[in-house]
Amino acid sequence: MTSPLHLLLARTLTLDPAQPDAGAVLVGGGRVLAVGSAEEMRRIAPQAEQHDHRDLLLTPGLADAHIHLVGYGFSLSEVGLHGARSVSEVLARVAQRAMNTPHGTWIRGGGFLMSELGLNDFPTAAVLDEVSPHHPVLLYSRDLHSAWANSLALRLAGVTESTPDPEGGKIVRPLGTLLENATDLVAGVIPAPSEAQYLAAARAGAADLVARGYVSAHTMAFESPEAPRALQTLASRAELPLRVWATLPHERLHLAHELGLGLNPGGLFQWGGVKFFADGALGSRTAWLHAPGFADGSGTGIPLDSPDLIRELGAQAIALGLTPVTHAIGDRANTEVLDAYDSLRGAAEARGIRLRIEHAQHLRPADIARFSGLTASVQPMHLQGDGAMIRQLLPHLERETYAFRALRDAGAVLAFGSDAPVTPPDYRANFAAAISRVDDEGGRVAPHEALTELDVLHAHTRGPALAAGWDDEGIIRPGARAAFTLWDRPGGNARALVL
């Protein structure tokens, strides 16, 4: 049976340099067949079903290049703390959930920033105990690199004042805040969700993205193995509504063949990368910095995966056809990852793999040129919440913070994402932050790094496709996937259109 033909009539930005603008797109069998004027397309396929969107703008489909997709799905039903401006507001939200939750049931949430809560010191368990004496509580900071637990949660996890810090983590005293790998001490005793709950979270996260106008996503590690498995299950049932490029934690690289990694069987789910963490995050004071470190005297952060580990396992990943993907926020972390990548570039280029650095937030000027040929997977929306902290904690790095224009000019591919559930996957925030550079306090962060509207569109469509090695995505030309976003204006209201 012949698949139907569809003729899309719309003002079209193709992002194809050979034909940047068009008035119509002919689609069939899930692929773009031809691009041109409405008259040309009607002559080619007079029988095609017409879809008149001439009051809208048609572009390649939106992509979120950095999201924890199933974790985001779970977060939609947890205690949301984004926008909380005081400790009392956090306590009120937790108390409300506790009133409607059976005693003994875990309460999870996240999205707070210490700076927004007006805190100079890490919060304690005793404060949370006031509203949650009968429920174990674990609340993640917005960057997911620290967590705030109450006494019952710590007791169930066996964490006491004498518990030693785990490798790559710190238990803050007085008890209550856990940094980096120390969060696992409490998270590890929370009852694991069932398979049905993972599937429900995967559906919820994917459906939410599609409703926002997205057609694809890169889901990062930092989730349990059941998370990508749920996405694979949805894909196998033809229930996955968007294309997914997934990364594997480097600890599970030895399972690559068993999981089908590197085989690239096609379909909407693909294992594509291996994830490393070079450091933590700014808000949790765990970003790895060159001296002098944080301006408040809190040190130089916490290094996590070593450069030698990234070199060794990165080479194994490339041999399997997988992309090394490394989280690096502090300037020292970025330097060390770039050093490690120098030894991997040749092998990666031979396999057609583009090495990736996630976040790349704070850089030394000398390191920016070293991003040439790499993917800088960045989240402009984080600038909005980080502006005040940058001025307070990293004034010496402000000029090269969130250096989007400089990275682009150096030859890096920009791929924009949200890091949800760290922040909601709202492309509007990325457009606003990348173009205006205005933070939540009204200050402008390194305004010389501002991008244009077209730059941002490219970084939210074609950039992620190039990062994933998808030549058929993020562009409108014959042979490309028929996955589009319709806009009233770029960065305005959007909806996905996949045929």
Side-chain angles (χ1 to χ4, degrees), residues 68-75 78-79 81 105-112 114 122-125 128 135-194 197-198 201 219-229 247-255 274-281 283-288 301-306 309-310 313 325-327 329 333 358 419 421-422:
H68 306 273
L69 187 52
V70 179
Y72 174 61
F74 275 116
S75 76
E78 295 175 351
V79 179
L81 299 175
T105 302
W106 280 84
I107 293 175
R108 295 190 61 176
F112 71 88
M114 285 177 53
F122 291 107
T124 66
L128 269 183
H135 300 83
V137 178
L138 185 65
L139 308 175
Y140 281 91
S141 62
R142 189 173 302 172
D143 56 31
L144 300 180
H145 288 264
S146 65
W148 181 10
N150 71 349
S151 295
L152 181 53
L154 293 169
R155 189 159 60 249
L156 291 172
V159 176
T160 69
E161 292 283 354
S162 61
T163 301
D165 291 337
E167 183 178 356
K170 181 178 180 181
I171 302 168
V172 178
R173 277 82 171 179
L175 294 179
T177 297
L178 307 160
L179 303 180
E180 298 299 341
N181 292 344
T183 63
D184 295 337
L185 298 175
V186 175
V189 301
I190 299 176
S194 66
Q197 288 172 317
Y198 272 108
T219 190
M220 298 291 115
F222 208 53
E223 296 183 292
S224 69
E226 289 77 16
R229 191 173 299 142
T247 64
L248 181 78
H250 70 75
E251 295 90 347
R252 297 204 290 274
L253 181 58
H254 65 286
L255 299 174
V274 175
K275 183 75 180 291
F276 302 90
F277 282 85
D279 68 342
S284 298
R285 312 296 199 276
T286 56
W288 189 17
I302 298 179
L304 297 177
D305 296 331
S306 73
L309 177 75
I310 294 170
L313 296 187
V325 175
T326 307
H327 165 119
I329 286 182
E358 306 299 305
D419 206 7
V422 173

Less than 4.5 Å apart, any side-chain heavy atom of [X] and any of [Y]?
X: Pro193; Y: Glu226; result: no
X: Lys275; Y: His327; result: yes
X: Leu139; Y: Leu128; result: yes
X: Leu179; Y: Val172; result: yes
X: Glu167; Y: Asn181; result: no

- Report the C-alpha separation of Phe277 and Ile302 in whole Å, then their side-chain angles, then the decisive distance to 0.1 Å, and conclude whether the side chain to side chain contact (heavy atoms under 4.5 Å, CB included) test is met. CA-CA 11 Å; Phe277 282 85; Ile302 298 179; over 6 Å; no

- Task: Any chance you could measure Thr163, atom OG1, to Leu154, atom CG, to the nearest 0.5 Å?
- Result: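 With rounding to 0.5 Å, OG1 (Thr163) is 9.0 Å from CG (Leu154).
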
- Point-to-point distance, once rounded to the nearest 0.5 Å, from CZ of Phe74 to NE2 of His68: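 These two atoms lie 14.5 Å from each other.
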
- Query: Will you find, in the side chains of Ser141 and Ser146, an N or O donor that is under 3.5 Å from an N or O acceptor?
  - Reply: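 Checked: Ser141/Ser146 side chains pair up, N/O donor to acceptor below 3.5 Å.
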
Verify, without hydrogens or angle tests, whether [X] (side chain) and [Y] (backbone) share a donor-acceptor contact under 3.5 angstrom.
X: Ser75; Y: Glu78; value: no
X: Asn150; Y: His135; value: yes
X: Ser151; Y: Ala125; value: no

- What's the shortest heavy-atom distance between Leu156 and Trp106, and which atoms?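 That would be CD1-CZ2, 3.9 Å.
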
- Message: If I compare all heavy atoms of Ala281 with all of Glu180, which pair ends up nearest, and what's the gap?
- Response: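 Residues Ala281 and Glu180, closest heavy atoms: N-OE2, 3.9 Å.
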
- Item | Pair Leu178-Val186, side chain to side chain contact (heavy atoms under 4.5 Å, CB included): steps then yes or no | CA-CA 9 Å; Leu178 307 160; Val186 175; 3.5 Å; yes

- Taking only residues two or more places apart in sequence, or in another chain, which ones meet Tyr140 in a ring-ring contact (aromatic ring centres under 6.0 Å, His included)?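 So Tyr140 forms no ring-ring contact (aromatic ring centres under 6.0 Å, His included) with any residue.
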
- Query: Near Glu161 CD, under 6.0 Å, is it more than 12 heavy atoms from other residues, nucleotides or ligands?
  - Reply: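 Yes.
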
- Message: Using salt bridge (Lys or Arg N to Asp or Glu O under 4.0 Å), reason through Asp419 and Arg142 one step at a time and then give a plain yes or no.
- Response: CA-CA 10 Å; Asp419 206 7; Arg142 189 173 302 172; over 6 Å; no

- Whether His145 and Phe222 hold their rings parallel, tilted or perpendicular, with breakpoints at 30° and 60°: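 It falls in the parallel class, under 30°.
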
- Task: Dump the intermediate steps for side chain to side chain contact (heavy atoms under 4.5 Å, CB included) on Thr219 and Val70, then the final yes or no.
- Result: CA-CA 8 Å; Thr219 190; Val70 179; 5.8 Å; no

- Task: Could you please spell out the steps behind the side chain to side chain contact (heavy atoms under 4.5 Å, CB included) verdict for Leu185 and Ile171?
- Result: CA-CA 10 Å; Leu185 298 175; Ile171 302 168; 3.8 Å; yes

